[in-house]
Amino acid sequence: MRWNKALIPTFKEDPSDAEVISHKLMLRAGIIKQLSAGLYTFLPLGWRAMLKAMKIIREEMDDIGAQEIFMPSLNPIEIWEETGRAKDMSEILFTFEDRKGHRNVLAPTHEEIITHIARDEIRSFRDLPQIWYQIQNKFRDEPRARFGLLRVREFLMKDSYSLCANWEQLDEIYNLHERAYRRIFSRCGLKYVVVGASSGLMGGSASQEFMVPSDAGEDSTVFCEKCGYAANTEVAESIPSEGSWVEFPGRKKIHTPFLKTVDEVSKFLGVPQNQMLKSLIYVSQKDGQPIMVLLRGDHQLNEEKLSRYIGGTVRPAHPEEVLEWFGVPVGFLGPVGVPKNIKILADKAFPIDKQFATGANEEDYHIVGWKLSEIPDVEFGDFRTVQEGEKCVKCGAPLSVKTTIEIGHIFKLGTRYSEAMGATFTDVDGEQKPIIMGSYGIGIGRILASAIELYADENGIIWPITIAPFEVIITALDVTKSDVVDVAEKLYADLRSAGVDVLYDDRDERAGTKFKDADLIGIPIRITVGRKVAEGNVEIFVRKDGSRQDVRVEDAVNRTVEIRKKLIEEIENKV
RNA sequence: CGGGGUGUGGCGCAGUUUGGUAGCGCACCUGGUUUGGGACCAGGGGGCCGGAGGUUCAAAUCCUCUCGCCCCGACCA
């Protein structure tokens, strides 16, 4: 491609409404252009990088025997009602009526459509297993699109689905995906970790996420440096800190006017924070019933864990609701003497035989000296969020918590969809059984964003060569000089013949502009054709390490091909 | 959805407090001088100031409503 004729709108200044590095650089480098909140056009450079990533994905998917298909994004809502997800996902589902008045959805994912195909086409265990995948735009009405390509409302996803006759097959195909995903992300030049995750709205048994550690990430992941344990905080476990505990001579009610927070009350009573019992009220979205959750005062609730326990989403109760149900304002709640119909859950990190201090269910009063073992009908579970520094459950080393970008997610779905939609097959024993499914997603735009987050420097993007929009840029300085142009043109033609992706900067711009632009858009190898052609030389510059070398014009193509090969190998060797 | 911010040529911003009909830098066009890290000189084009309504002789500026975008909190590739 000749830059002179290309659409590569670069900017010197940071755009005002970008926050994270990848977003700023993608806008500045002419990779993407925003249309509206969470909607972006991929400009030529961006789309070329996307195509590179897709090529890698297709190769690896095809390699595990997956078959590429293409499903409609426009779906009648009825199919989403069959599985109940029209309701479960209603918050993020784009829906609208067509001219006949039928309700439609723009698909946020494709389990339903896959199951629809499967229930018609799969008859026998002999038809299984199957892996079907597609690369398709997904639509999710995110409450808050942000951070450029990291969180958008329409995005390109590679999604695959496995259909199996038994659980062993599912394990096998799930593992195939895990391996394929490792290869895909490694070949895209990313650094990532595979972590245990929650299956959330997808349902199912096991799930793992592929995470790129980055400050721009929106997930938080717990890591053990020592043994390698890693899990999304939604599912992560840890050994809580010991805490310190005081003895109360007996049960007592204490006047605590205006003292509401754990911090205030613990100071006033002289009780360690960990010995305070924090009583939170949540509401089950399913039946609207209130739930009381008890935690150590120094711990934080994890809503995802709670909703998994409940089997449905939850929300914090409004203060008015609390007043209505308990007759006291938040801040003075406790498990002693709550109305009978209220479900009480306690986090297992609070020792059952230790005395606690908590609200008295009476305004301006707290109580001390009770134990959880004395509270009737309490259910125990893991409801807390792991905190930095707590001990690893596997090896006891201190854990760290980092933010991460989720680039891939694999799920063992089981029979949730096949049962809901009647997708069955005849097994060897002649029985009709629901197909056992798995689903596996990759956010392709996030691959690009992650690469930029990982490798950019103060001059701009540094693409891993495997997903770079171009592998080589020829920077012709002073295009008014015929010897420069002649050499540049010849290199351009010869490199393309050698199968190299080349961008030829043939613009009549000053050297500084061209160098800055080349750095900004992050092309891995730059060939500078300038005054050194007088001595028969050009310069080869490697973006990644800043190395430069002068080579004879006649050796330039070979040398460039060698460097390109080396850069690719550096990535491929890590696979 | 709640809270905060912002909207002025393609981009980044000033002007709004104190109404008088729009300005700066980058980019763009013409000519010239320059030419290995975002040049310089001269000239030029482009915006009725997010939208609607109102107040006023007069509105980017004041009032009302509305929309977009960004940021902070609950979801996901």
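Below, read A as the first sequence line, B as the second, and so on, with proteins coming before strands; counting in each chain starts at 1. For the numbers below, each heavy atom of this structure counts, side chains included, while hydrogens, waters and symmetry mates do not.
- Counting atom types as modelled, A:R548 pairs a side-chain N or O with a base atom of B:G37 as donor and acceptor under 3.5 Å.
- As a whole-Å value, the separation of A:K516 NZ from B:A27 P is 14 Å.
- Using the six-membered ring where Trp is involved, A:F210 and A:F185 have ring planes that are tilted, between 30° and 60° apart.
- With C1' as the reference atom, B:A52 and B:G5 are 23 Å apart, rounded to whole Å.
- Using Watson-Crick or G-U wobble geometry with both donor-acceptor distances under 3.5 Å, B:G37 finds no partner in any strand shown.
- You'll find that the side chain of A:R144 is closest to B:C71, out of B:C71, B:G37, B:C28.
- Distances from the side chain of A:K12 to the nucleotides B:C72, B:G38, B:G36 place B:G38 closest.
- Following rounding to the nearest Å, A:F210 (CZ) and B:C76 (P) show an atom-to-atom distance of 19 Å.
- Using the six-membered ring where Trp is involved, A:Y492 and A:Y504 have ring planes that are tilted, between 30° and 60° apart.
- For A:E13 and B:C13, the CD to P distance is 8 Å, given to the nearest whole Å.
- Separating the CD atom of A:E142 from the P atom of B:A74 is a distance of 14 Å, rounded to the nearest angstrom.
- A:L27 places its CG atom 13 Å from the C1' atom of B:C69, with the value rounded to the nearest Å.
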- [ ] Test ring-ring contact (aromatic ring centres under 6.0 Å, His included) on A:Y161 and A:Y440 and set out the steps.
- [x] CA-CA 6 Å; A:Y161 304 87; A:Y440 317 86; 7.9 Å; no
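- When the P atom is used for both B:U8 and B:G15, the distance is 14 Å, rounded to whole Å.
- The side chain of A:R140 places no N or O atom within less than 4.0 Å of a non-bridging phosphate oxygen (OP1 or OP2) of B:C76.
- Counted by atom type alone, A:Q136 and A:D159 present zero donor-acceptor pairs between their side chains at under 3.5 Å.
- Using a 4.0 Å heavy-atom cutoff across all strands shown, A:K514 reaches no nucleic acid atom at all.
- B:U30 and B:A42 make up a base pair, with Watson-Crick or G-U wobble contacts both under 3.5 Å.
- Distances from the side chain of A:R146 to the nucleotides B:G38, B:G36, B:C72 place B:C72 closest.
- The phosphate of B:A77 (OP1 or OP2) has no side-chain N or O of A:Q136 nearer than 4.0 angstrom.
- Inter-residue side-chain proximity for A:V538 and A:V487 is flagged as met; some heavy-atom pair is nearer than 4.5 Å.
- Between B:G43 and B:U6, the two P atoms lie 37 Å apart (nearest whole Å).
- Between the side chain of A:D219 and the base of B:C76, a donor-acceptor pair under 3.5 Å is found.
- Closest to the side chain of A:T513, out of B:A77, B:G37, B:G38, is B:G38.
- Across all strands shown, A:F147 has heavy atoms under 4.0 Å from sugar-phosphate atoms exclusively, and none from any base.
- Contact annotation for A:R153: no contact, since no heavy-atom pair falls under 4.0 Å across all strands.
- Using a 4.0 Å heavy-atom criterion, one finds that A:I407 contacts the sugar-phosphate atoms exclusively.
- Each of A:E209 and A:G38 has a nearest nucleotide on RNA chain B; the 5'-most of these lies closest to A:G38.
- Taking atom C1' in both B:G54 and B:G10, the straight-line distance is 33 Å, to the nearest Å.
- Remark: ring of A:F515 not stacked against base of B:G38; the cut-offs of centroid gap under 5.5 Å and plane tilt under 30° are not jointly satisfied.
- The side chain of A:T480 sits closest to B:U35 out of B:A77, B:U35, B:C70.
- Judged by distance alone with a 3.5 Å cut-off, no donor-acceptor contact links the side chain of A:D478 to the base of B:G36.
- Along RNA chain B, the nucleotide nearest A:V529 and the nucleotide nearest A:E218 are compared for position; the residue whose nucleotide lies closer to the 5' end is A:V529.
- For the side chain to side chain donor-acceptor pair (under 3.5 Å) with A:Y417, the qualifying choice from A:E112, A:R85, A:E82 is A:R85, the only one to do so.
- Comparing the same atom, P, in B:U61 and in B:U17 gives a spacing of 9 Å after rounding to whole Å.
- The interatomic distance linking A:Q300 (CD) with B:A74 (P) rounds to 11 Å, in whole Å.
- A gap of 30 Å separates the C1' atoms of B:G12 and B:G73, to the nearest Å.
- Salt bridge status for A:K514 with A:E509: absent, with no side-chain N to carboxylate O gap under 4.0 Å.
- Within 4.0 Å of A:R151, counting heavy atoms only, lies at least one base atom of the nucleic acid.
- Taking only side-chain atoms of A:E509, from C-beta outward, the nucleotide of B:C28, B:C70, B:C71 with the closest atom is B:C28.
- In this model, no donor atom of one side chain and acceptor atom of the other lie less than 3.5 Å apart for A:Q208 and A:Y181.
- The base-pairing partner of B:U64, taking Watson-Crick or G-U wobble contacts with both distances under 3.5 Å, is B:A52.
- Taking every side-chain heavy atom of A:S16 into account, B:C13 is the closest of B:C13, B:A77, B:A39.
- Residue-level contact check: A:V533 touches neither bases nor backbone, having no heavy atom under 4.0 Å from any strand.
- A salt bridge links A:R187 with A:E59: at least one charged nitrogen is closer than 4.0 Å to a carboxylate oxygen.
- Whole-Å rounding puts the A:D505 CG to B:G38 C1' distance at 13 Å.
- Contact annotation: A:R510 reaches the phosphate of B:A39 (side-chain N/O to OP1 or OP2, under 4.0 Å).
- Remark: the separation of the C1' atoms in B:U30 and B:G45 is 11 Å, to the nearest Å.
- Crowding of A:E388 atom CD: a count of heavy atoms from other residues, nucleotides or ligands under 6.0 Å exceeding 12.
- Taking the C1' atoms as reference points, B:C65 lies 32 Å from B:G46, given to the whole Å.
- A donor N or O paired with an acceptor N or O is not found under 3.5 Å between the base of B:G12 and the side-chain atoms of A:D14.
- Protein atom CG of A:L150 is 17 Å distant from nucleotide atom P of B:C76, rounded to whole Å.
- Under the Watson-Crick or G-U wobble criterion, with both distances below 3.5 Å, B:A59 is left unpaired in every strand shown.
- Residue-level contact check: A:E539 touches the bases, meaning some heavy atom is under 4.0 Å from a base atom.
- When heavy atoms are screened at a 4.0 angstrom cut-off, A:G408 is found touching the sugar-phosphate backbone but no base atom.
- A:S36 has a side-chain polar atom (N or O) that falls below the 4.0 Å cut-off from OP1 or OP2 of B:C69.
- B:G23 and B:C13 make up a base pair, with Watson-Crick or G-U wobble contacts both under 3.5 Å.
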